[in-house]
Amino acid sequence: MTGPRAVLRRTALAALPAECRPLIEPGAAGTGIVHLGLGAFFRAHQAVYTEEAMASDGGDWGIVAVAPRSRAVVDALRAQDLMYAVASTAAHHTDVRVVAALTGVRHAAGDPDGVVALLADPRVRVVTLTVTEKAYVPADDPRTVTGLLALGLLARARADAGPLAVVSCDNLPGNGRRLGELVGRTVRAAGTPAQEWIAGNVTFPSTTVDRIVPAVTPGTLALVRDRLGVADLAAVQAEPYRQWIIEDAFPHGRPAWDRAGAVLTADTGPYDQLKLRTLNGLHSSLAYLGALAGRATIAETLALPHARVFAERLLAEEILPTLTPPAGVDTAAYGRRVLDRFANPAIHHRTLQVATDGSHKLPPRILRTIAERRAQGATTPWAALVVAAWMRFVQGTADDGRPLPLDDPLADRIRSALATAGAGPAGVVDALLGLRAVFPADLAHDDPLRAQIVAWLTALTRHGAAATLEGV
Ligand code: CS2
């Protein structure tokens, strides 16, 4: 079984090193969860928690995972009896373990009706989602994930198939409430009986999720293959750290995720803001500066002279003063730990990956910090540098002249704003501050803030990101 073409399958498990084997018998648990969004993050986060919860407390909480668009991972998992490995990589050590939490995989684009039927299946008591910030759009188009979810809930209401919790696991403030509102509009349009059933039977708990899971590379697959002795085309690599804070609002039960280290709470709000503004805020900051400076990864960016000083000042002087710490959490220690996690040299998290979708990421990660600091009467020079770095990044050229990709749902609007911008950095700043989908009017018309952004964009354009950082 360990020849060059051997792949991860149930028949290969007995030959794996003991510490790499799944915690539960593959296929032994029944289905209880549908997950929408079969990306690397889900495989290294919710699936891992769920497998551990089943290993510790039993329960039929197997997951049918739905890939919205891409077929590749669906095919790979089917060929591997629905199993894959997670490589947890610390600076000098990697643990590899096969996860057997999945009980099915589906391809939504190829079979939307099958997914709607699954959401109306009475065995399913929890739906989780990782579909990225940009998928949170009104649910009136059935080709979108939120649209599919709305159709599924309507089918469930018609079938009176039992209560359900729909759990957003994306990096948005109040993600559950936001999802409930989006789906709610479509549900209301469908009329009273369904609307009432859903209001009485479906909850949308908010959650804060955390684990750094870079896009899979050939290096990940090679590492896992070496360790397992068989090929695994659905393997993922992640940092060892993980956190999951969950609003405890499950009308039909849930896995014992707390046994796997998740925190069940009445209010995720303080964690939400801490994680989004600290981890994700610093991530985006380093991503734009690093991409401009030609640094491939977040860890390499943090190694630039003064990059850590800049991040620490942004954190201490601007981010932390806006936060209400969750009970018992030392936010300064949390922030230091975030930077240590970013420095993990074995996690090759590409700056260009984190830099995607900036128009959706900047508002909750950076602009909220600016707005709250401004409301406290303070200025925000470091966050202004981040906005300037994004504004230089979207112009599409790194400091060494190499092209930078603009992978953003608002790319067309950004490009047309730039095409009509006035001369010089001030023209660019004014054109981009005019994008109301990104910058709220009060920030766009904040003259001291605008002046700081113009000054930083001028410095970045003249001297480049590395030299600008050295000056902080
Ligand atoms: C990152 C996140 O790509 C990004 O925008 O900031 O994916 C980050 O790695 C996770 O939120 C960590 O929990």
Side-chain angles (χ1 to χ4, degrees), residues 37-49 86 88-89 128-136 167-173 175 206-217 220 236-246 261-263 268 271-291 295-302 311 314-315 319 334-335 337-344 346-369 386 389-390 393-394 405-410 438:
L38 184 38
F41 184 75
F42 156 72
R43 279 175 273 158
H45 190 275
Q46 299 98 72
V48 170
Y49 276 94
V86 177
S88 301
T89 305
T128 51
L129 290 90
T130 48
V131 288
T132 80
E133 296 92 331
K134 62 176 176 286
Y136 287 71
V167 188
S168 167
C169 301
D170 286 297
N171 286 320
L172 298 165
N175 50 14
S206 286
T207 66
T208 307
V209 292
D210 194 4
R211 188 168 193 182
I212 293 174
V213 188
V216 175
T217 63
T220 310
V236 292
Q237 186 169 14
E239 63 171 343
Y241 178 93
R242 62 178 205 214
Q243 188 181 49
W244 197 6
I245 315 288
I246 307 169
V263 175
T268 58
Y271 290 97
D272 222 30
Q273 295 304 328
L274 175 64
K275 196 261 172 173
L276 277 166
R277 293 187 206 171
T278 302
L279 185 137
N280 297 112
L282 293 173
H283 232 181
S284 289
S285 306
L286 294 167
Y288 296 117
L289 289 161
R295 292 300 179 273
T297 68
I298 296 290
E300 287 168 22
T301 304
L302 202 55
L314 169 59
L315 181 66
I319 298 173
Y334 175 93
R337 182 153 191 206
V338 162
L339 291 174
D340 291 343
R341 290 165 59 197
F342 288 176
N344 181 343
I347 293 291
H348 302 285
H349 205 182
R350 290 171 61 242
T351 45
L352 291 182
Q353 185 187 354
V354 180
T356 57
D357 301 343
S359 66
H360 280 257
K361 290 176 177 175
L362 276 191
R365 296 178 179 204
I366 294 294
L367 303 185
R368 279 292 293 276
T369 292
V386 177
W390 176 75
F393 176 86
V394 299
L406 181 54
D407 184 349
D408 192 299
L410 292 193
V438 184

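Both ligands and their constituent atoms are indexed starting at 1 by order of listing. Computed from heavy atoms alone, side chains included, the values below leave out hydrogens, waters and symmetry copies.
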Per-pair distances, ligand 1 N/O vs protein N/O, less than 3.5 Å:
| unit_1 | atom_1 | unit_2 | atom_2 | d |
| --- | --- | --- | --- | --- |
| ligand 1 | 5 (O) | K361 | NZ | 2.8 |
| ligand 1 | 5 (O) | R365 | NH1 | 3.0 |
| ligand 1 | 5 (O) | R365 | NH2 | 3.0 |
| ligand 1 | 6 (O) | N280 | ND2 | 3.1 |
| ligand 1 | 6 (O) | H283 | ND1 | 2.7 |
| ligand 1 | 6 (O) | R365 | NH1 | 3.1 |
| ligand 1 | 11 (O) | N171 | ND2 | 2.9 |
| ligand 1 | 11 (O) | K275 | NZ | 2.6 |
| ligand 1 | 11 (O) | N280 | ND2 | 3.0 |
| ligand 1 | 13 (O) | D210 | OD1 | 2.6 |
| ligand 1 | 13 (O) | R211 | N | 3.0 |
| ligand 1 | 13 (O) | R211 | O | 3.4 |
| ligand 1 | 13 (O) | K275 | NZ | 3.1 |

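R365 pairs by the salt bridge (Lys or Arg N to Asp or Glu O under 4.0 Å) definition with E133, not counting sequence neighbours. For R242, the salt bridge (Lys or Arg N to Asp or Glu O under 4.0 Å) partners two or more places apart in sequence, or in a different chain, are E52. Applying the salt bridge (Lys or Arg N to Asp or Glu O under 4.0 Å) rule to E300 yields no partners; only residues at least two apart in sequence or on another chain are considered.
Using a 4.5 Å heavy-atom cutoff, the side chains of D170 and T130 are in contact.
Using bins of under 30°, 30° to 60° and over 60° for the plane-to-plane angle, the ring pair F342/H283 lands in the parallel bin.
The only member of K361, K275, H360 that meets side chain to side chain donor-acceptor pair (under 3.5 Å) when paired with N171 is K275.
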